[in-house]
Amino acid sequence: MLLPQPPRLALARLPTPLQALDRISARVNGGVDGPRIWVKRDDLTGSVLSGNKVRKLEFTLAQALAEGCSTIITCGGLQSNHCRATALLCAQLGLNCHLILRGSPAGDADGNLLLDQLAGATIDYYPAREYQSNLDHYLHEAKADYDAKAQPAFIIPTGASDGIGVWGYLSACEELKADFELAGIAPEHIVCATGSGGTQAGLTLGAQVFELGASVWGINVCDDEAWFLNKVRHDIQDWAERYQADFAVNSLDVRVIDGYVGPGYAIAEKPVFETIATVARLEGLVLDPVYTGKAFHGLLSEIRNGRFKGASDIVFIHTGGSFGLFPQRSELAQVLN
Ligand SMILES: *Cc1c(COP(=O)(O)O)cnc(C)c1O
């Protein structure tokens with residue numbers, strides 16, 4: 001398939017390493033034969049830009065610039081990694097950044113929010129109920145204000161997950177193909193945390209376009225399987241329409257592993273924190289309680305339950321999120337000794 005060439009900025013540190021987690025693999029397999037777990041270190045896409053969002057924003061911000069915009073408006077939770085990456089990139093590119101956040105800070109800003117403030121973003125806070133019912137209105141109202149001030153604004157949807165953002169992980173699949181060749185592996189499965197669907201959408205499309213021969217699984221950290229089956233297809237459909245790609249979206253194999261959301265988005269139970277501590281101690285790899293810790297905990301549980309029986313190699317995408325660990329220091333402290 002011949003891919004169109006969308007505008008792109010070089011913002012992420014690429015390629016990121018692919019690394020085997022042999023001590024974790026040995027532990028989860030309990031001495032018997034089992035899959036080798038690998039991690040694609042997309043937590044290393046940048047220092048303060050760490051994580052998956054900068055891959056998408058290379059395309060999203062290029063589009064905003066191509067449209068002549070000087071202001072970026074986006075939205076998310078108080079500890080949104082996407083908002084933090086956007087705020088810092090706007091500063092780097094000399095753009096205004098306006099964030100619409102769900103919730104209000106209690107006490108001093110921490111984690112991602114502290115970095116949003118440091119980067120000089122303008123921030124509006126809305127209680128969860130208002131945010132959920134009026135988000136679109138808030139985004140467009142802010143845009144109208146900037147447009148009227150001759151500071152044309154571009155709205156980026158939650159997580160930069162739309163047809164533009166799909167490019168981030170569609171292009172990452174070309175990188176993965178080279179990683180697999182270099183490592184001499186043919187992984188049967190690729191697993192990521194899914195929060196707004198764009199990473200999974202890009203991977204699902206890219207695995208097919210670049211013939212990776214692996215199944216892509218998203219472990220959702222909010223909502224449910226039905227919601228993401230629809231959202232992932234929707235983002236790929238949007239991609240196909242925007243770029244006039246002749247692609248049969250219905251032929252895609254979209255796979256969601258539900259069951260690891262726990263008490264709710266950004267709330268994790270003790271076993272997730274225990275997995276975070278174990279992975280840090282055995283591998284020196286830091287996961288977060290909102291996305292990667294929950295999803296990696298889910299991956300280990302699914303390996304134990306036999307879902308990936310017979311697989312030789314599984315690749316987990318480390319999508320970043322480490323700043324989200326700090327605001328949950330007291331939950332984490334309960335598993336440290
Ligand atoms: C946003 C995010 C995800 C989820 O990616 P989506 O494309 O929104 O599904 C996973 N991990 C981290 C750390 C994130 O910030």
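When a residue number appears, it is its place in the shown sequence, counting from 1. Numbering of ligands and ligand atoms starts at 1, following listing order.
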Note, L65 side chain near L61 side chain (heavy atom, < 4.5 Å): no
is_close_aromatic(F59, W239), centroid dist under 6.0 Å: no
Salt bridge flag under 4.0 Å for residues D238 and R242: yes
Salt bridge present between R55 and E175 (N-O < 4.0 angstrom): yes
H189 and W217 aromatic ring geometry - parallel, tilted or perpendicular at 30°/60° bounds: tilted
Any side-chain heavy-atom pair of F180 and D313 under 4.5 Å: no
Atom-level proximity to ligand 1, residues with heavy atom under 4.0 Å: N52, K53, K56, N81, S161, A193, T194, G195, S196, G197, G198, T199, Y291, T319, G320, G321
